[in-house]
Structures are given as structure tokens and as C-alpha cells.
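Whatever order the structure lists ligands and atoms in, that order sets their numbers, starting from 1.
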Amino acid sequence: MTDANAPFPRKIDISLTVNGERVEARVDASRHLVDFLRLDLGLTGSHAGCEHGVCGACTLQVNGDIVRGCLTLAAQLDGADVWTVEGLTDTGALADLQAEFVTRNALQCGFCTPGMLFSAADLLAGHAHPTRDEIREHISGNYCRCTGYEAIVDAIETVATARAAKAGVPA
Ligand code: FES
Ligand code: FES
């Protein structure tokens, strides 16, 4: 039976996979995933912007879904499979999107870019031919203060078209 008066444990032991590698850690109960990755594991590709779930800079992948790293507690992730932009860069899963972002000048300072790439990849994983409006809707939770979004939408649309053609998906 749980003792209601027992102090909440400040430290939690977790075992998870990050970018395909096993990680064992003891984390503060209030440690957010983005801070765990950046400060404890040195994976600084996920950015902390608003830290309130608004800007999308911290977007990354947990168990196949995109999440806000600033709204997810590391202590929740025992047994989870976490991927950051570093890991998906190494696997090549984002290579076509990254190349097209560069070609289209879809980044300037780059602060939003890792989160934007995750949102774009999430869209394209479930939608072979998104319209420009659907692309805009899907990335609407990722703020970019530099580009005006047009080049980002161009890049995602181009990759969608190329992937669909390669997979033989009719337009
Ligand atoms: Fe997480 Fe802004 S830092 S949404
Ligand atoms: Fe600077 Fe998007 S490229 S915030």
C-alpha cells in the first residue's frame, strides 16, 4: 500500500534507448526531456526555446511519435525509444529533407530547424501528397522567426513529391 505521507522521490532511475543506444540514468523527477538530452547527454540538437510547449523548437521523437521535449519529463521515459536530430542525421532518415532545406534556404539561424524537420518527417510519414495548406497546418506548431515559412513549405513539398515519385505513389 502506498504511504500518502511518503516524500515524492526526487530521483528516478530510468533505462531507455536514445538514438539506438541504451542509456541508464538517475534523473531528477522534474527534469524535462530536452534538458536531459542537452545537459546530461550532450545532445544539443534539440533546442529549448519557450519551454512552454508553444514554439516547437524542442520537437523530437519518442516511441515513433513527435513530442515536445520541454513538456515531457525524462522520468516518464523508462523503456522508451527516443530519437533526436543527431540520431536521425546519422541514420540518413532526414537526409533528403535536410538537403532540400539547404537548397531552398529554408533555414537562417537554424534554431527552429531540428524541430521543423521532425514535424515535416512526421507529416510525410503519413501523407504522401500533402497540399501546401496541409504542410502549413502541420508545421503550425513550429515557429520560425527568420524565414517567413515560404521556403520551408517549398522544401517539404519538394521532398514529398520526390518521395512519392520514388515510391510510385500516384499524385
Ligand atoms: Fe518546447 Fe518551445 S521549447 S515548445
Ligand atoms: Fe531562425 Fe527558423 S531559421 S528561427
Under a 3.5 Å threshold, yes or no: a donor from one side chain and an acceptor from the other, between Ser15 and Asp78? no

Lys/Arg-Asp/Glu bridge criterion (N-O < 4.0 Å) met for Arg132, Glu137: no

Within a radius below 2.8 Å of atom 1 (Fe) of ligand 2, how many protein N, O or S atoms are present? 2

So, do Asp40 and Arg31 sit near enough that their side-chain heavy atoms are less than 4.5 Å apart? yes

Does any donor atom in the side chain of Ser119 or Asn142 lie under 3.5 Å from an acceptor atom in the other side chain? yes

Any chance you could lay out the side-chain hydrogen bond (donor to acceptor under 3.5 Å, both in side chains) test for Thr131 and Asp133, step after step, and finish with the verdict? CA-CA 5 Å; Thr131 65; Asp133 283 348; 5.4 Å; no

Taking atom CZ as the centre, does Arg26 end up with more than 12 heavy-atom neighbours from other residues, nucleotides or ligands that are less than 6.0 angstrom away? no

Which residues satisfy the ring-ring contact (aromatic ring centres under 6.0 Å, His included) test with Phe111, sequence neighbours excluded? His47

Using a cut-off of 2.8 Å, how many protein N, O or S atoms lie below it in distance from atom 2 (Fe) of ligand 1? 2

Indicate whether the side chain of Ser46 and that of Arg38 have a donor and an acceptor atom separated by less than 3.5 Å. no

Sort and list the pairs that fulfil ring-ring contact (aromatic ring centres under 6.0 Å, His included) and have at least one residue in residues 121-171, not counting sequence neighbours. none

